[in-house]
Every structure is written in C-alpha cells, then in structure tokens.
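To start, the structure itself, in structure tokens.
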2 protein chains.
Amino acid sequence: MDQPCRSACPIACTLDLVGDRWTLIVVRDMMFFGKERFEEFLASPEEISTNILTSRLRQLEAAGLVERKLYSTRPRRTSYHLTETGKSLRPVLKTIAVWGLRHLEQTRTPEQF
Amino acid sequence: MDQPCRSACPIACTLDLVGDRWTLIVVRDMMFFGKERFEEFLASPEEISTNILTSRLRQLEAAGLVERKLYSTRPRRTSYHLTETGKSLRPVLKTIAVWGLRHLEQTRTPEQF
DNA sequence: CGGGATCCGTCTTGATACTG
DNA sequence: CAGTATCAAGACGGATCCCG
C-alpha cells in the first residue's frame, strides 16, 4: 500500500494499491451503496476506525481512484466520489463478491446471512 | 486475515481471507507460475520473508485453499498445492491482473515493464 | 541443503480521545 | 461532522539458528 510497485507484476501492483483489509471496503461502499460522506463510511458494519478511513481515502485520492469535494465550508462537509478509474474496479469487486458467496456457501450455514 | 468474518458481506469475508499484501502473491505463484516449494516462493521478485511466507501458507492451509504434501522425508521436502477451492480463485486473480495492466498503462511508461 | 522457527527492531494498524 | 493526536498492538523484515 505504500510504494508504487513492488515488482513488474500487475497483480502485485494492484495489491500495492488495494491489497489490504480496508481499501476495497471503502470502494465497495461508494460503488454499491452510494456512500459519499465520512460518516457514512464509518457506519458500515465492518466498523473502520477514523484514522484508517482518513488514510485510505487519502491513498485512494492520491492514486486517482477517488475525488474529494468540499460542498460546504461552514459547517464543513466533504464528499467522496469514484473517478472513472475508480469505477473501473467494478469487475474486480464483483468477482470477489461472487467468489465470496460461493466459498462461504460451503463453509457456513445460510442462516448466518 | 484473522477472524472468520467481520460482517455478512461476501466482499468483506473474502478480504478477511486474502485481503493483505502477501496472500494473493503466494496464490499467484502457485496458480500461474506452478511454484510448489518454499524456496520457490522466496525467489519471487516481491521478496517475501520466511516468517511471513510460513504464516501465509499456514493460513491458506487452514482455510482449505492449499494442501501441504511431504514428498520426501530424508531429505525432507514439502510441496504446496492449490485445492479445488484455491483454484477457484483464478477469476479473481485474473480480473485483478487485467485491471492492473489497464490501470498501470495509464500511469506508467511502458519501459518500466 | 531445504524448510522452517525464533528473536529483535521497525513500521503500520487500529482504538480511543480529542478538536475545529 | 470531519477529521487529528496519541498510543498500544500487531505486521513486517532481516538475521540467525535449528533440525533432519
């Protein structure tokens, strides 16, 4: 998540960007749940903490996947939106979700969902 | 990477399993490069360290994505193979690789690859 | 020599409290 | 509401050691 790229492998480079426990959760919230504001991301069931959320939003912004907009100065209100590059992650999220559903079907009972 | 599941979301659950800097690198090495042995994983350009590799292989084994086989006792030789569940991650890896290639095309010059 | 385990120092993550 | 400050806990990396 820090250096641009560990290696020339596109998988490794992608993981450098989004390969951690939280980044794709935030992207998911924007992409599938239409969340835009700091408070909304905090409200997700995974319970990201404020400093981690801040750092992930900054990284996503730096990587050009997310744009920040101040839409009110007093009170200060910020909103976050996926850029076109950010939106292009949709197939990745979708594939992960599909895999998760399949895999979890086998290891957990349906009532847990 | 620790608890079974942070939430009922299949994306979050998948990330709990493989959402870190190293796990999918190891899976990639098995899936696309046919690597099987501890030493081979260490030789990848991303340079995973021995303790991290050990812990990731254990986690993958515990999750049922990888099987360990001792194919020689003296000298002791261990090999690691993807189970069917592990192999089912192929579309995930592939989608990530495709996204990486596209995204990196725009942000880096071709000579870097 | 292959396949780790262990120790240690550093960097990162995350929970909580606090601020503009 | 949208963060920042602080600090403990854990992840990571390197080196070394161990064991068959």
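Letters A, B, ... mirror the listed sequences (proteins, then strands); counts begin at 1. Just so it is clear, the structure is predicted and the values come from calculations on it, not from any experiment.
Atom C1' of nucleotide C:dC1 and atom CD of B:Glu39 are separated by 9 Å, given to the nearest angstrom. A:Phe38 places its CZ atom 13 Å from the C1' atom of C:dT19, with the value rounded to the nearest Å. Atom-to-atom, CD1 of A:Ile52 to P of D:dG3 comes out at 15 Å; the value is rounded to the nearest Å. Straight-line distance from the CD atom of B:Glu46 to the P atom of D:dC12: 15 Å, rounded to whole Å. Here D:dC12 presents its C1' atom at 15 Å from CD1 of B:Ile25, a figure rounded to the nearest Å. Nucleotide C:dT12 holds its P atom 19 Å from the CG atom of A:Leu53, rounded to whole Å. Summarising the geometry, the separation between CG on A:Leu42 and C1' on D:dT4 is reported as 14 Å, rounded to the nearest angstrom. Per the geometry, CG belonging to B:Leu57 stands 11 Å off P belonging to C:dG3, to the nearest Å.
A:Tyr80 comes within 4.0 angstrom of the backbone, heavy atoms only, and of no base. Residue contacts for A:Thr78: at a heavy-atom cut-off of 4.0 Å it reaches the sugar-phosphate backbone alone, with no base atom in range.
Judged by distance alone, the side chains of B:Ser44 and B:Lys35 do bring a donor and an acceptor atom under 3.5 Å apart. Neither side chain, B:Asn51 nor B:Thr54, offers a donor N or O lying under 3.5 Å from an acceptor on the other. B:Glu67 and B:Thr83 share no donor-acceptor pair across their side chains, judged by distance under 3.5 Å alone.
Between B:Arg58 and C:dA5 there is a side-chain polar atom (N or O) within less than 4.0 angstrom of OP1 or OP2. Not one side-chain nitrogen or oxygen of B:Arg68 sits closer than 4.0 Å to the OP1 or OP2 atom of C:dG3. Distances shorter than 4.0 Å separate none of the side-chain N or O atoms of B:Arg77 from OP1 or OP2 on C:dC1. Contact between the side-chain N/O atoms of B:Trp22 and the OP1/OP2 oxygens of D:dA11 is not found at any separation under 4.0 Å. The side chain of A:Ser49 contributes no N or O atom lying less than 4.0 Å from OP1 or OP2 of C:dG14. Remark: B:Tyr71 is not in phosphate contact with C:dG2, judged by side-chain N or O atoms under 4.0 Å from OP1 or OP2. Note on B:Arg76: every side-chain N or O is 4.0 Å or more away from OP1 and OP2 of D:dC19. Considering only side-chain N and O atoms, B:Arg37 lies under 4.0 angstrom from the phosphate OP1 or OP2 of C:dG3.
A donor N or O paired with an acceptor N or O is not found under 3.5 Å between the base of C:dG4 and the side-chain atoms of B:Asn51. Evaluation of atom-type donor-acceptor distances gives a pair under 3.5 Å for the side chain of B:Thr50 against the base of C:dA5.
Side chain of A:Thr23 to main chain of A:Asp20: no donor-acceptor pair is present (N/O by atom type, distance under 3.5 Å, no hydrogens or angles). Side-chain atoms of A:Asp16 come within 3.5 Å of backbone atoms of A:Arg6 as a donor-acceptor pair (strictly under, hydrogens ignored).
The side chain of B:Thr54 approaches C:dG4 more closely than any other nucleotide in the set D:dC12, C:dG4, C:dG14.
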TODO: Verify salt bridge (Lys or Arg N to Asp or Glu O under 4.0 Å) between A:Glu61 and A:Arg56, making sure each step is shown before the conclusion.
DONE: CA-CA 8 Å; A:Glu61 200 187 355; A:Arg56 292 305 182 277; over 6 Å; no

